[in-house]
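The block underneath contains the structure these notes are about, expressed in structure tokens.
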Amino acid sequence: MYDKKEVLETMRSVALECGKIIRSAKEEHVAAAEKTDFRNLVTAYDIKVQETAVALLKAKYPSASFFCEENDEQDDLKAECVFIIDPIDGTANFANHMNMSCISIGCFMNGVPTCAAVYDPYADELYSAAKGLGAALNGRPIHVTDAPLEHTLVMFGTAPYNLDKAERTFEKLKYIFPKCMDVRRRGSAEIDFCTVACGRAGLFFEEVLSLWDFAAGMLILEEAGGEAYTMMGTPLPLDGRKSNVVAGPRHCIEESGLLRDFHDDDMII
Ligand code: IPD
Ligand code: CA
Ligand code: CA
């Protein structure tokens with residue numbers, strides 16, 4: 001039996017520890033290897049951060065399961081307690097010294113998103129949430145915005161590893177641009193979710209995300225009063241499949257028209 005408050009506390013301290021490793025690369029040349037192509041990179045830091053996070057969590061919870069981006073550590077997502085880890089979300093930013101990346105740890109208990117921690121070590125911002133207990137930024141409760149979409153910024157991702165989706169991305173961007181204050185491309189999907197969760201932006205959308213790109217951010221957003229859907233308007237898949245996403249407070253999703261005016265029906269892959 002896992003106590004979610006205690007698990008969350010552990011995840012928060014692991015995220016802070018991993019953040020130190022990410023920041024320690026600040027001045028250094030970071031060599032990057034290609035995964036599927038020249039855009040999809042992995043660095044020694046992605047591996048080191050993941051190994052550190054797994055080791056620290058295993059030391060505390062020896063029977064927990066893991067579903068991680070690097071190196072195929074992908075256990076059963078319906079396990080009693082599974083940690084979903086993206087060691088560096090925003091690897092392209094990281095490899096280019098953009099100082100806009102985070103460590104993301106989600107936790108599902110018996111298939112239910114239960115705890116989440118996302119840490120941006122450059123801004124020293126730790127977002128966290130536990131199911132039913134609300135979401136926080138550096139310990140202070142956060143909430144999505146009440147403002148109409150036209151008074152908010154819209155975050156988007158380019159699904160850079162799926163170029164076949166570029167046309168859809170930019171069609172949607174062109175469609176939404178006149179309906180909001182402006183658009184932003186941050187380069188880290190988990191930070192995008194958190195940015196909406198704390199009310200700094202009104203909406204986030206992207207055409208392809210993996211589970212580790214949204215497992216933590218989705219819970220933080222929901223606990224902050226927001227919602228996240230596939231572009232078909234269905235719940236995001238929690239079984240390891242990739243999906244597109246539109247996320248924000250309900251009124252911004254509705255005002256965006258994305259679920260009404262685009263009919264993508266093939267977006268869980
Ligand atoms: C990527 C980032 C990026 C998003 C991509 C993700 P990675 O994750 O979140 O913002 O556009 O879809 O894959 O590869 O840097 O961990
Ligand atoms: Ca990622
Ligand atoms: Ca990553």
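These figures come from a predicted structure and were not determined experimentally. Side-chain atoms are counted along with the backbone in the values below, which use heavy atoms only and exclude waters and symmetry mates.
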Less than 3.5 Å apart, which donor and acceptor atoms pair up between the side chains of residues 146-158 and the rest of the protein, not counting sequence neighbours?
{"residue": "Thr152", "atom": "OG1", "partner": "Leu149", "partner atom": "O", "Å": "2.9"}
{"residue": "Thr158", "atom": "OG1", "partner": "Arg185", "partner atom": "NH2", "Å": "3.0"}

### Task
Indicate the ring-plane relationship of Phe193 and Phe204, choosing parallel, tilted or perpendicular according to the 30° and 60° boundaries.
perpendicular

### Message
I'd like to know whether CZ of Phe177 has more than 12 heavy-atom contacts from other residues, nucleotides or ligands below 6.0 angstrom.
### Response
no

### Heavy-atom donor-acceptor pair, Asn162 side chain to Lys165 backbone, under 3.5 Å
no

### Task
Give a yes or no on whether the backbone of Ile191 and the side-chain of Thr195 come within a donor-acceptor separation of less than 3.5 Å.
yes

### Task
Indicate if Ile105 and Phe94 have the same hydrophobic cluster label, given that clusters are the connected sets of ILVMFWY residues with side-chain heavy-atom separations under 4.5 angstrom.
yes

### Query
Between Asp239 and Arg241, does at least one N-O distance fall below 4.0 Å, as a salt bridge requires?
yes

### Query
Looking only at heavy atoms, which two atoms of Asn93 and Ser101 are closest? And how far apart?
CB-OG, 3.7 Å

### Query
Does the pair Val208 and Val245 meet the rule for a side chain to side chain contact (heavy atoms under 4.5 Å, CB included), with working shown?
CA-CA 7 Å; Val208 183; Val245 65; over 6 Å; no

### Task
Please tell me if the side chains of Ile85 and Trp212 come closer than 4.5 Å, counting only heavy atoms from C-beta onward.
no

### Query
Tyr45 versus Ile22: any side-chain heavy-atom pair under 4.5 Å?
no

### Query
Atom CD1 of Ile88 and atom CD of Glu190: how far apart are they, to the nearest 0.5 Å?
13.5 Å

### Task
Consider only side-chain N and O atoms of Asp89 and Ser104, and report whether a donor and an acceptor are under 3.5 Å apart.
no

### Message
Between Ile84 and Phe108, does the side chain to side chain contact (heavy atoms under 4.5 Å, CB included) criterion hold? Intermediate values first, please.
### Response
CA-CA 8 Å; Ile84 296 128; Phe108 290 0; 3.6 Å; yes

### Query
So, are Glu171 and Lys174 salt-bridged, with charged N and O less than 4.0 Å apart?
no

### Query
So do Cys18 and Leu16 actually touch side chain to side chain, heavy atoms under 4.5 Å?
no

### Task
List the steps, then state whether side chain to side chain contact (heavy atoms under 4.5 Å, CB included) holds for Glu227 with Glu222.
CA-CA 5 Å; Glu227 300 175 10; Glu222 288 176 352; 5.7 Å; no

### Message
Does Lys172 qualify as a cation-pi partner of Phe205, given the criterion of NZ or CZ under 6.0 Å from the six-membered ring centre and within 45 degrees of its axis?
### Response
no

### Query
When clusters are formed by joining ILVMFWY residues with side-chain heavy atoms under 4.5 Å apart, either directly or through shared neighbours, do Leu219 and Val7 land in the same one?
no

### Query
So, does Asp213 use its side chain to make a donor-acceptor pair with the main chain of Ser210 at under 3.5 Å?
yes

### Task
Kindly compute the distance separating NZ (Lys179) from CD1 (Ile176), expressed to the nearest 0.5 Å.
7.0 Å

Under 3.5 Å donor-acceptor pairs involving side-chain atoms of residues 116-133, not counting sequence neighbours:
{"residue": "Tyr119", "atom": "OH", "partner": "Asp124", "partner atom": "OD1", "Å": "2.6"}
{"residue": "Asp120", "atom": "OD1", "partner": "Tyr122", "partner atom": "N", "Å": "2.9"}
{"residue": "Asp120", "atom": "OD1", "partner": "Ala123", "partner atom": "N", "Å": "3.1"}
{"residue": "Asp120", "atom": "OD2", "partner": "Arg186", "partner atom": "NH2", "Å": "3.3"}
{"residue": "Glu125", "atom": "OE1", "partner": "Tyr127", "partner atom": "OH", "Å": "3.4"}
{"residue": "Glu125", "atom": "OE1", "partner": "Arg200", "partner atom": "NH1", "Å": "3.1"}
{"residue": "Glu125", "atom": "OE2", "partner": "Arg200", "partner atom": "NH2", "Å": "2.8"}
{"residue": "Tyr127", "atom": "OH", "partner": "Arg200", "partner atom": "NH1", "Å": "3.2"}
{"residue": "Ser128", "atom": "OG", "partner": "Arg12", "partner atom": "NH1", "Å": "2.8"}

### Message
For a 4.5 angstrom cut-off between non-hydrogen side-chain atoms, does Leu203 reach Val196?
### Response
no

### Query
Is there a donor-acceptor contact under 3.5 Å from the side chain of Thr145 to the main chain of Gly199?
no

#### Entry: Hydrophobic cluster membership, Val246 vs Leu173, 4.5 Å side-chain cutoff
yes

### Side chain to side chain, Ser243 and Leu209, heavy atoms closer than 4.5 Å
no

### Message
With clusters defined by side-chain heavy atoms of hydrophobic residues (ILVMFWY) lying less than 4.5 Å apart, directly or transitively, does Tyr175 cluster with Val183?
### Response
yes

### Query
Do Phe170 and Leu258 share a hydrophobic cluster (ILVMFWY, side-chain heavy atoms under 4.5 Å, transitive)?
yes

### Task
Test side chain to side chain contact (heavy atoms under 4.5 Å, CB included) on Tyr229 and Ile253 and set out the steps.
CA-CA 9 Å; Tyr229 299 102; Ile253 296 176; 4.0 Å; yes

### Message
If we ignore hydrogens and angles and just use 3.5 Å, is the side chain of Glu206 paired with the main-chain N or O of Ala159 as donor and acceptor?
### Response
yes

### Query
Do Tyr2 and Ser63 have side-chain heavy atoms sitting under 4.5 Å apart?
yes

### Message
Quick check: closest heavy atoms across Met11 and Cys107, and the distance to 0.1 Å?
### Response
SD-CB, 3.7 Å

### Query
Is there a donor-acceptor pair under 3.5 Å between the side chain of Glu223 and the backbone N or O of Gly134?
yes

### Query
Roughly how far, to the nearest 0.5 Å, is SG of Cys115 from CD of Glu9?
10.0 Å

### Query
About how many Å separate CG of Asp3 and OG1 of Thr10, when rounded to the nearest 0.5 Å?
9.5 Å

#### Entry: Plane angle bin for Tyr61 and Phe83 - parallel if under 30°, tilted between 30 and 60°, otherwise perpendicular
tilted

### Message
Within the 4.5 Å heavy-atom criterion, are Phe66 and Val82 side-chain neighbours or not?
### Response
no

#### Entry: Nearest-0.5 Å distance, SG of residue Cys68 to CD of residue Glu51
10.5 Å

### Query
What are the two closest non-hydrogen atoms of Leu236 and Asn244, and how far apart are they?
CD2-O, 3.6 Å

### Smallest separation among heavy atoms of Cys198 and Ile142, with atom names
CB-CG2, 3.8 Å

#### Entry: Straight-line distance of Leu8 CG to Thr114 OG1, nearest 0.5 Å
10.5 Å

### Query
When you measure from the side chain of Thr43 to the backbone N and O of Asp46, does any donor-acceptor pair fall under 3.5 Å?
yes

### Task
Indicate yes or no for a side-chain donor-acceptor contact from Thr169 to the backbone of Glu167 under 3.5 Å, with no hydrogens or angles considered.
no

### Query
Would you say Glu34 and Arg39 make side-chain contact, with heavy atoms under 4.5 Å?
no

### Query
Between Glu70 and Pro87, what is the shortest heavy-atom contact and its length?
CG-CG, 3.9 Å

### Query
So which heavy atom on Met231 is nearest to which on Leu259, and how close?
O-CD2, 3.4 Å

